[in-house]
Amino acid sequence: MNNPDQPLPGSDPGPDPSPERLRRALALAGIGAIALGAVGAFAWTAGWLGADRLTAGQVVDAVEANGGPHPGFRRAHAKGVCITGTFTGSAEGRALSAAEAFSGETLPVVGRFSIGGGDPHGSDASARVRSLALQLGGRGEPQWRMAMNSFPFLAVATPQAFHQQTLASRPDPATGKPDPVAMEAFLAAHPRARAFQQWAKAAPWSDSWANTEYNSVNAFRFVDADGSERFVRWSMQPRTPFRELDAAERERADAGFLAADLDQRLQSGPLHWDMVVTLADPGDVVEDPSVPWPDARDQVVVGTLTLLHAEPQSTGACRDINFDPLVLPRGVAASGDPILAARSAAYAQSFNRRQRELALGQGNAATTQEATP
C-alpha cells in the first residue's frame with residue numbers, strides 16, 4: 001500500500017498546497033461525497049446492495065400477484081382514463097417555491113384518473129380509492145409529476161411494511177378475500193394500518209372523480225428564490241361540490257360509471273381544483289406518510305388545475321407516462337420519506353415491464369380502443 005505522505009510513482013509532488021488550493025480540494029471532496037451518497041441511496045433502493053434488501057422488483061411482483069396478470073397495463077391502479085388541461089400558479093405559490101409552475105404562466109397538463117386495484121376491468125363501485133396523477137409542463141419544459149390519492153395518509157411508513165401489507169392482502173383463491181389470520185397479524189404489528197382501515201370504513205365515498213380531493217400524502221420541500229425551504233404536503237381540492245355515493249347506489253352503479261360521469265361533466269365545461277399547500281410546523285413528522293399533520297396547520301392556495309378533456313387510457317397521452325413522484329422541477333425537492341424513493345423505483349419497474357410487454361406484442365389489450373361499459 002502506498003504511503004499517504006508520499007507522492008504516487010511518476011507524479012510531480014509540486015509545491016506545498018496553498019490555503020486556497022486546500023479549500024478547493026475540500027469543496028470538491030464534499031461534492032464527491034454527496035454524489036457518492038446519492039448513488040448509494042439509489043443503489044440501496046434498487047436492491048443492488050446487500051442480498052437481504054427489499055427490491056423494487058419484489059414489491060412489483062407482490063402487487064402483480066394480488067391483481068393477476070394483465071400484460072401492458074399498470075400493475076397498480078390499472079383502470080383509469082387520460083385527461084388533459086392546464087395549471088396556473090398563484091403569487092402565493094411563487095412566494096413559497098421557485099418552481100416554473102408558480103411563474104404565473106399557464107402550463108399544459110397531461111394526467112390520469114384511476115381507481116385502486118390491479119384489474120383494468122374492475123368495477124368502479126368496488127374500488128375504495130380514487131387517484132389522480134399529473135404531469136405539469138410539456139416536452140422540452142421543466143416537468144413536475146405528481147401521484148395523488150383520495151386517502152389522507154398511508155397505512156404504513158416504510159417500503160418493507162408496504163410489502164408485508166401487500167402479502168397479507170393477497171386474496172385466497174378459495175374465498176377471493178385475504179386470509180384473516182395473516183391480515184390480523186399484520187395489523188397487530190402496524191397500528192397505523194389499523195387507523196387507515198378505520199378511515200376506509202368510515203369516510204364517505206365520492207360519486208365522481210370530479211368532486212374528490214386528491215392528496216400528495218408524502219411530504220416534499222418547497223424552495224423559494226432565496227433558497228429558503230419549507231416542508232409541505234399538498235392537495236387538489238375540487239370546486240365541484242362533494243356528493244356521497246352510498247352503499248345502495250354502489251350496488252346499482254355500472255362498472256364504468258366514473259368515466260361516464262366524467263365525460264358528461266366535461267361536456268358541460270371545464271372542471272377545476274385548487275392546489276392547496278399545507279405548511280409543516282417545526283416538529284411535524286415529514287418522513288412518515290402514515291402520520292397526518294394537525295388540521296390547524298397553515299394552508300395556502302398556490303394554483304388552479306383546470307381539466308378540459310378526457311379519453312380512454314388505451315389511446316390517450318397519459319398511457320406511456322411514468323408518473324414518478326420524484327420527477328420534480330427546480331424549487332421542489334423530496335423529503336427524506338423512504339416511501340418516496342420506493343414509489344419511484346417501483347413505478348420505474350412497472351413501467352419497464354409493461355413497455356417490454358407492449359414491445360413483444362403481449363399487451364394488445366392495453367393499446368386497443370376500450371369497450372364502452
Side-chain angles (χ1 to χ4, degrees), residues 60 63-86 108-139 143 145-150 206 208-210 212 214 236 253-268 270-271 305-325 327 343 346-373:
V60 176
V63 172
E64 184 174 339
N66 284 12
H70 298 285
F73 289 94
R74 285 171 164 84
R75 270 40 185 182
H77 301 273
K79 185 179 182 182
V81 299
C82 291
I83 49 177
T84 53
T86 62
V109 169
V110 176
R112 183 174 182 266
F113 282 123
S114 63
I115 60 173
D119 184 357
H121 311 295
S123 172
D124 295 352
S126 64
R128 183 67 182 89
V129 173
R130 318 219 190 290
S131 301
L132 172 62
L134 298 174
Q135 175 185 283
L136 278 57
R139 290 184 179 181
Q143 291 184 357
R145 298 185 188 179
M146 306 176 183
M148 298 167 286
N149 293 286
S150 56
S206 66
S208 173
W209 274 319
T212 299
Y214 303 96
M236 293 293 179
D254 292 334
F257 79 90
L258 286 173
D261 169 83
L262 182 66
D263 285 339
Q264 184 176 12
R265 290 176 184 271
L266 287 172
Q267 287 174 12
S268 300
L271 298 170
L305 171 67
T306 300
L307 296 186
L308 304 170
H309 178 68
E311 61 182 301
Q313 64 180 359
S314 59
T315 56
C318 76
R319 189 193 68 199
D320 297 324
I321 295 177
N322 173 13
F323 291 101
D324 181 343
V327 175
R343 289 178 72 184
Y347 285 18
Q349 179 76 215
S350 174
F351 178 83
N352 290 340
R353 289 188 187 189
R354 56 194 177 88
Q355 291 300 107
R356 181 176 183 274
E357 290 161 355
L358 291 171
L360 294 175
Q362 299 169 350
N364 292 337
T367 59
T368 56
Q369 185 69 37
E370 298 164 13
T372 303

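The first residue in the sequence is number 1, and the count goes up from there.
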Tell me, which pairs form a salt bridge (charged side-chain N to carboxylate O under 4.0 Å, His left out) where one or both residues lie in residues 117-127, sequence neighbours left out? K79-D124
Roughly how far, to the nearest 0.5 Å, is the CZ atom of F351 from the CD1 atom of I321? 9.0 Å
What's the shortest heavy-atom distance between A366 and F73, and which atoms? CA-CZ, 3.5 Å
Trace of the side chain to side chain contact (heavy atoms under 4.5 Å, CB included) decision for M146 with F323: CA-CA 6 Å; M146 306 176 183; F323 291 101; over 6 Å; no
Hey, could you give me the CG/OG distance between N364 and S314, rounded to the nearest 0.5 Å? 12.0 Å
Value for OG (S206) from CG (D261), rounded to nearest 0.5 Å, stands at 9.5 Å
Rounded to the nearest 0.5 Å, how far apart are CE of M236 and OG1 of T212? 14.0 Å
Looking only at heavy atoms, what is the nearest atom pair of G111 and C318, with distance? O-CB, 3.2 Å
Show the nearest heavy-atom pair for residues L262 and I83, with the distance to one decimal. CD2-CG2, 4.1 Å
Does CD in Q264 sit with more than 12 non-hydrogen atoms of other residues, nucleotides or ligands closer than 6.0 Å? no
Give the minimum heavy-atom separation between L134 and M148, together with the two atoms involved. CD1-CE, 3.7 Å
Can you give me the closest heavy-atom contact between R265 and A210, atom names plus distance? CD-CB, 3.6 Å
R356 atom CZ, over 12 foreign heavy atoms within 6.0 Å: no
Is there a side chain to side chain contact (heavy atoms under 4.5 Å, CB included) between D263 and V81 once you walk through the steps? CA-CA 10 Å; D263 285 339; V81 299; over 6 Å; no
Looking only at atom types and distance, does a side-chain atom of H77 sit under 3.5 Å from a main-chain N or O of R74, one as donor and one as acceptor? no
With distance as the sole test, does Y214 use its side chain to make a donor-acceptor pair with the main-chain N or O of W209 at under 3.5 Å? yes
Could you grab the distance from atom CG of N352 to atom OH of Y347, nearest 0.5 Å is fine? 15.0 Å
So, E357 and R75, do they make that salt bridge, N to O below 4.0 Å? yes
Under the 3.5 angstrom rule, does the side chain of R130 hit a backbone N or O of L258 as a donor-acceptor pair? no
Closest heavy-atom contact between P312 and C82? O-SG, 4.2 Å
Pair R319, Q313: side-chain N/O donor-acceptor within cut-off below 3.5 Å: no
With rounding to the nearest 0.5 Å, note down the distance linking CD in Q355 to CG in N322. 9.5 Å
